[in-house]
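Single-structure report; data block below.
A quick note: this is a predicted structure, and the numbers were derived from the prediction, not measured.
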Amino acid sequence: MNDAAPPSTNELLTAVLFGPNFRQEHGFWRRLLTTEPFRRPGGGTPDERLALSYHRMRILNNALDSGARLAADPRALAALHEWLGPVDPALTTVAGIHYNLFLGSLLDHDADTLRDVSDFLALRRVGTFLCTEVAHGNDAAAVETTATYDPGRDGFVLHTPHAGAQKFMPNTSPAGGPKSGVVAARLLVDGADRGVFLFLTPLTDAHRALPGVRVRRLPARMGSPVDHCLTSFDHCFVPRDALLAGPQGRIGDDGRFHSEIPNRRRRFLTSIGRVTPGKLSMSACAVGSARVTLAIAVRYAGHRMISGSRAAQQVPVYAHRTHHGPLAGAMATVYAMSLLHRRALDRWESAPEADRDEAERLVAVAKGWITWQARGVIVECRERCGAQGLLENNGMTELFTGIEGAITAEGDNLAVHAKAAAEMLFSATAGEADADDGPGELDDPAFLGRLVAALENLWFARARERMSAAPPGDPLGRWNAASPAALRGVEAYACRQADEAYAEAVAALPEGEARERLTELRALFALQWIARNSGDLLATGRLTADQVTFLPDTVERAIAAVAAHTPALVGSFALPERLMSDWPIAGPGYADVYDDPEGPWHRGRRAGIRGRAAEFKRPNCGSRRRPLREKVAALGARGVLLAYWGTTSMLSRWFEKPQVSVDESVRPKA
């Protein structure tokens, strides 16, 4: 017989957030970040913090059974970013580049060719990725670094023709050890441009750039320190096997170029296929950072006591609707982000070749939406923590600047969404109303789901109308007319995907408290999105005037339902207590961080009876055995009144004090 206890509410919700294989996929990373080398350091210069990040990467690498296995597993790469991103953004950046963009690119190309990657697996050489240039960011297919095939030496000559072709922002300095990179360059064979390919190129030794390579550090950027550089090439020679070949193209033994893909742009997209797992990793990093920030803010809201309505009363700041309302909304959003991330990852992994483009579009849209939502959650949580949230030791400023990097990495969000908007605009058709797509009630999850789906169709229909109304013969003008509405359609598409993921997760849970909590979260998420678009839904007859009138009250009820359980829901994030203890305001004793051993309050306490107490002159009441009447007479009327006032004040404060502390309601004490 199986005597195992049924899973708790938090365990069921943890499985919703992380998938059914939580321990297998996330257990290693969750344990790793609680070990001593990964605890938050105190202070240090930017160079010292950068050195620490590379040192940690070597510790991480030694803990892996195989770096190649990590590079080949998108789920493991996503889990790395999900857990390590909030702890050390710089480490996450350099590790993601090494394992995904660099090592993954090597493993994805020339599958039938043996290439010695032992130095990269042992981190004797750190890998990096050089694609974008000063003049070419989101249009990386137009990079101008050249790789000219030299048949005499049977290799390629890498060259940077002008300042705009310098590689922009790769971590190519000698910091962290010798570096090699895969370099995106335009392949020239017999004077013909064959498109952009990747070339494995040694860049530095332990101290300086190698001959033919020039590396210059960029100005410090906001956020965690990473050795971002400008990198250029001066007729740098690499052998023929430096080309990362595949169906997109190769140089044969006859010195001629061969390719199975006729289109140069498709050759480039095939070469940089690792950008898609990179987008998934950026989404994971954003989800993890938002969870940690929200957990810190909710716990601090329970510890921070303020004056209540009565002078002697104190209440947690979380008790106020103005404080817990935004945090409850953030909780619904964080769950939506997590569910959309899992949905995009699952679909991309399992998509057949015919559905590959659609799966990659979902990954791209999810990356943009999730990272933008994470920024909103982190900013809100930082503000709810007041000045404490501005201090580096409480972690929020680092997470805020880190999410800015994720928004830009692997394709700037706006450009990524614009590309998706164009694809969806020209391929989408107006959705037909379902047979049951009639009036409904705002407390019906199915009705809310139909409203969320309707908004996607509404915005794309509006974009097509604007494009049709624009003057013909001007493609850019037509796109400019349609793009604002089309971008709103992409946002609505992301929200629909998140709501559908919510619905699937709710349906998969057994009846009980976990299902009720997730249903409440889904309702709040959908209602907040619907409230933003209530005017359009009213205009198209999807909502009635009465429903729009009562919508704010419905949202308030949803906020109250989620806010009542938000402190407990933090537990479903499965954040180790040892990790949370590295952020002072996450604990009830956060004020102790600011204690001053030399403060006057300590001097008074050390003095004890010999100090102020010794100097206090008691009324001379004679023997302790004297009758009470004589003692009262000795005190006098003023003394009696003072004693009475002090006693009643202490009793009133004791009775008004909650008998269960706020901390116990947020985080049970050991």
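- At a cut-off of 3.5 Å, with distance as the only test, a side-chain donor of Asn61 or Tyr99 sits close to an acceptor on the other residue.
- Looking at Leu244 and Leu106, their side chains come closer than 4.5 Å, going by heavy atoms from C-beta outward.
- Nearest heavy-atom pair across Phe129 and Pro170 is O-CB, 3.6 Å.
- At most 12 non-hydrogen atoms from other residues, nucleotides or ligands lie less than 6.0 angstrom from CZ of Arg266.
- Pairs passing the ring pair (Phe, Tyr, Trp, His ring centres under 6.0 Å) check and including a residue from residues 45-78, sequence neighbours excluded, do not occur.
- Residues forming a ring pair (Phe, Tyr, Trp, His ring centres under 6.0 Å) with His228 (at least two apart in sequence, or on another chain): none.
- Using a 4.5 Å cut-off on side-chain heavy atoms (C-beta onward), Lys279 and Val416 make contact.
- At least one test fails for Arg361 against the ring of Trp348: distance under 6.0 Å to the centre or angle within 45° of the axis.
- A donor-acceptor contact shorter than 3.5 Å links the side chain of Thr145 to the backbone of Ala165.
- Remark: Arg256 CZ is loosely packed, at most 12 non-hydrogen atoms of other residues, nucleotides or ligands lying under 6.0 Å away.
- Residue Glu358 places its CD atom among 12 or fewer non-hydrogen atoms of other residues, nucleotides or ligands, all under 6.0 Å distant.
- Checking side-chain atoms of His109 against main-chain N and O of Ala245 turns up no donor-acceptor pair under 3.5 Å.
- With hydrogens and angles disregarded, a donor-acceptor distance shorter than 3.5 Å links the side chain of Thr201 to the backbone of Phe199.
- A distance of 11.5 Å separates OG of Ser180 from CG of Leu103, quoted to the nearest 0.5 Å.
- Without hydrogens or angle criteria, Arg250 side chain to Leu243 main chain gives no donor-acceptor distance under 3.5 Å.
- In this structure Phe525 satisfies the ring pair (Phe, Tyr, Trp, His ring centres under 6.0 Å) test together with Tyr502, sequence neighbours excluded.
- Taking the side chain to side chain donor-acceptor pair (under 3.5 Å) definition, one finds that Arg578 meets it with Glu36, sequence neighbours left out.
- Thr204 contributes a side-chain N or O that, together with a main-chain N or O of Lys179, makes up a donor-acceptor pair within less than 3.5 Å.
- Counting only residues at least two apart or in different chains, side-chain hydrogen bond (donor to acceptor under 3.5 Å, both in side chains) contacts with residues 62-78 comprise Asp65-Arg69, Arg75-Asp346, Arg75-Glu349.
- Within the structure, the ring pair (Phe, Tyr, Trp, His ring centres under 6.0 Å) test picks out the following pairs touching residues 253-282 (sequence neighbours left out): Phe197-Phe257.
- What you find for Arg115 and Ala242 is that their closest heavy atoms are NH1-CA, 4.5 Å.
- Expressed to the nearest 0.5 Å, how far CG of Asp88 lies from CG of Leu33 amounts to 11.0 Å.
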Determine whether Leu362 and Leu340 satisfy the following criterion, side-chain contact (heavy atoms from CB on, under 4.5 Å), listing intermediate values before the conclusion. CA-CA 9 Å; Leu362 177 59; Leu340 180 57; 4.3 Å; yes
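- In this structure, the side chains of Leu130 and Phe233 come closer than 4.5 Å at one or more pairs of heavy atoms.
- Between the CZ atom in Arg30 and the CG atom in Leu579 there is a gap of 9.5 Å [rounded to 0.5 Å].
- Checked by atom type and distance alone, the side chain of Glu133 pairs as donor or acceptor with a backbone atom of Glu144 at under 3.5 Å.
- A distance-only check finds a donor-acceptor pair linking the side chain of Lys367 to the backbone of Ala406 [under 3.5 Å].
- At most 12 heavy atoms of other shown residues, nucleotides or ligands fall within 6.0 angstrom of atom CD in Glu392.
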Output, in order, the C-alpha distance, side-chain angles, deciding distance and verdict of side-chain hydrogen bond (donor to acceptor under 3.5 Å, both in side chains) for His417 and Glu491. CA-CA 8 Å; His417 273 209; Glu491 183 184 14; over 6 Å; no
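- Put simply, the side chain of Arg267 reaches to within 4.5 Å of the side chain of Ser259, judged on heavy atoms.
- Contact record, Val196 with Ala141: CG2-O, 3.6 Å, taken as the closest heavy-atom pair.
- One distance of note links CG of Asp499 with CG of Leu339; it measures 10.5 Å at 0.5 Å rounding.
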Would Thr45 and Asp47 satisfy side-chain hydrogen bond (donor to acceptor under 3.5 Å, both in side chains), going step by step from the backbone distance to the final call? CA-CA 5 Å; Thr45 66; Asp47 284 344; 5.6 Å; no
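- Contact check on Glu82 versus Arg291 returns a salt bridge, with a Lys/Arg side-chain nitrogen under 4.0 Å from an Asp/Glu carboxylate oxygen.
- Judged by distance alone, the side chain of Ser289 and the main-chain N or O of Ala286 form no donor-acceptor pair under 3.5 Å.
- Note on Arg240 versus Asp253: salt bridge recorded, some NZ/NE/NH1/NH2 to OD/OE distance being below 4.0 Å.
- Annotation for Arg23: atom CZ does not count as buried by contact number, only 12 or fewer foreign heavy atoms lying within 6.0 Å.
- A heavy-atom distance below 4.5 Å is not found between the side chains of Pro225 and Glu48.
- Salt-bridge formation is detected for the pair Asp193/Arg186: a Lys NZ or Arg NE/NH1/NH2 atom is positioned less than 4.0 Å from an Asp or Glu carboxylate oxygen.
- Looking at every heavy atom in both residues, Ala68 comes nearest to Leu107 through O-CD1, 3.8 Å.
- Here the side chains of Asn21 and His26 are not in contact, with every heavy-atom distance at 4.5 Å or above.
- A 6.0 Å sphere centred on CG of Asp190 holds no more than 12 heavy atoms belonging to other residues, nucleotides or ligands.
- The line from SG of Cys131 to CG of Leu198 is 7.5 Å long, rounded to the nearest 0.5 Å.
- A donor-acceptor contact closer than 3.5 angstrom links the side chains of Asn413 and Thr371.
- Residues Pro86 and Val292 share a closest heavy-atom pair of CB-CG2, 3.7 Å.
- Ion pairing between Arg40 and Glu398 holds under the 4.0 Å rule for side-chain N and carboxylate O.
- Taking the side chain as every heavy atom from C-beta outward, Met396 and Phe400 never approach each other to under 4.5 Å.
- To the nearest 0.5 Å, atoms CG (Leu101) and CZ (Arg274) are separated by 8.5 Å.
- The nearest pair of heavy atoms linking Leu187 to Phe156 is CD1-CE2, 3.5 Å.
- Taking 4.5 Å as the limit, every side-chain heavy atom of Leu17 sits out of range of all side-chain heavy atoms of Leu13.
- Aromatic pair Trp83/Phe18: ring centres closer than 6.0 Å.
- Although no hydrogens or angles enter the test, the distance criterion places a donor-acceptor pair under 3.5 Å between the side chain of Thr92 and the main chain of Leu84.
- Here the side chain of Arg58 pairs a donor or acceptor atom with the backbone of Leu123 at under 3.5 angstrom.
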